[in-house]
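Take a look at the structure below.
We count ligands from 1, going down the list as the structure has it; atoms in each ligand are counted the same way. Values reported hereafter were calculated over all heavy atoms of this structure, with side chains retained and with hydrogens, waters and symmetry mates removed. Throughout, residue positions are numbered sequentially from 1 according to the sequence presented.
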Amino acid sequence: MEPEGVDAWELSIPRTVQFGWGRFGDVSSWVAALGSRVWLVRGGDSLDQTGTFTRLNDLCLAAGIPVETIKRVTAEPSVSAVAESLRQLYQRSTDGVVVVAIGGGSTIDFGKALACLITTLTPERLNNLKEIDWEDTVIGYLEGVGKGYTIDREPLPLIAIPTTAGTGAEATRNAVISCSLRRFKKSLRSPLMIPRVALIDPQLCVGCPVEVTKCSGLDAITQLIEAFVCRVRRPLVRALVLDVLPAAVRSLPRVIADGSDKKAWEAMSQAALVSGIALAHSGLGMAHGIAAALGVECGTPHGKACAVLLPTALATNRKVCQVDFALLERAINPNGGGNDCVCADRFVERMTQLVGECGVTARLSHLGLRADRIEWLAANSFGSSMNGNPVLLVPDELERILQDIY
Ligand SMILES: [Fe+2]
């Protein structure tokens, strides 16, 4: 049989991925290898409650490395928050600086945005230093709404340390940034933005609030599925997803029930990492496409929005994804028997049940969406994620789908 040929592709992942229980203890060695001081971008209260923030300080102090907290991230990154940090920092020396971003996906995305924009926006590029419109400048770099500016300088070295098992932001080349004024959520994107080091210690997830665990875990699972069935098909992505999804599906209920289950946290952290690698190399689908617009309209956190939309996305794509859904079902349950049709149906049912067991609503009205905003939601869900959806939809079709789950 003739070989089918292979489309051009690239592989961009962190130069170093350190994965394992207890690896957080290596953080000061990595900082010392990349620089001499830390600009810390950190998550919110849970870092204090788990002692992670104190431990980071102690480890760096013992190694003679000064740590300066640059930003405490308590919400998904906004244009104004990123602009404000840049305004405060752009005239300061970056000699020896290593950006350490420790927290959930929002924190890591903030760190990625800061690390790349601070080197790209050199003083020579900022025309009038007294009257810079920082927000306009940041927007200029965003895809879809910007001015086509590109990240073209090596960012500050970034060590990404996730404390949730969810977004996979430690392995992706984009940072999602929202603007409430202009009502969008768009990405800053460049291969240069991939963190230099992804330090993944599943132990840091112990103590994560259970609601965050549910939603971030379902985000990772949604990313794995959408990347697997995406219109852009990459063998590397599909092989990785087939390998990690079964363990993630089994482990999410376990970490929800028992927040100290070591093996289950390891499986979830690995699934999150792989989901980031997967989405960066193939793409996503309609759950993520709608989730961005839903976040803008209702303020629904990303993971929750994806979880709400996953069952609908699976049902919509079922007709063209029978073989792929059957493959995923057989990977999860090799002894289930049945033909592709039976297995695909079982997969949709299994995932819908998992979302329900996590207590996630199936209704958009429960998220505060107004009925008269469904048309807007449908029209604004067609960004880069939707381009990967197996079933090609038009806004009218999507509006009917959204009506059904209102
Ligand atoms: Fe996601």
*On the 0 to 90° scale, with breaks at 30° and 60°, tag the Tyr149-Tyr141 ring pair as parallel, tilted or perpendicular.*
perpendicular

*His302 atom NE2 and Asp219 atom OD1 as seen from the Fe ion (ligand 1), angle to 10 degrees*: 100°

*Angle subtended at the Fe ion (ligand 1) by NE2 of His288 and OE1 of Gln223, to 10 degrees?*
110°

*Contact check: Cys306 to the Fe ion (ligand 1), N/O/S below 2.8 Å*: no

_With respect to the Fe ion (ligand 1), please indicate if Thr167 possesses an N, O or S atom at a distance under 2.8 Å._
no

*For atom CG of Leu11, is the number of surrounding heavy atoms from other residues, nucleotides or ligands below 6.0 Å larger than 12?*
yes

*Would one find more than 12 heavy atoms of other residues, nucleotides or ligands at under 6.0 Å from atom NZ of Lys304?*
no

_Whether Arg346 and Glu349 form a salt bridge (side-chain N of Lys/Arg under 4.0 Å from carboxylate O of Asp/Glu) is what I want to check._
no

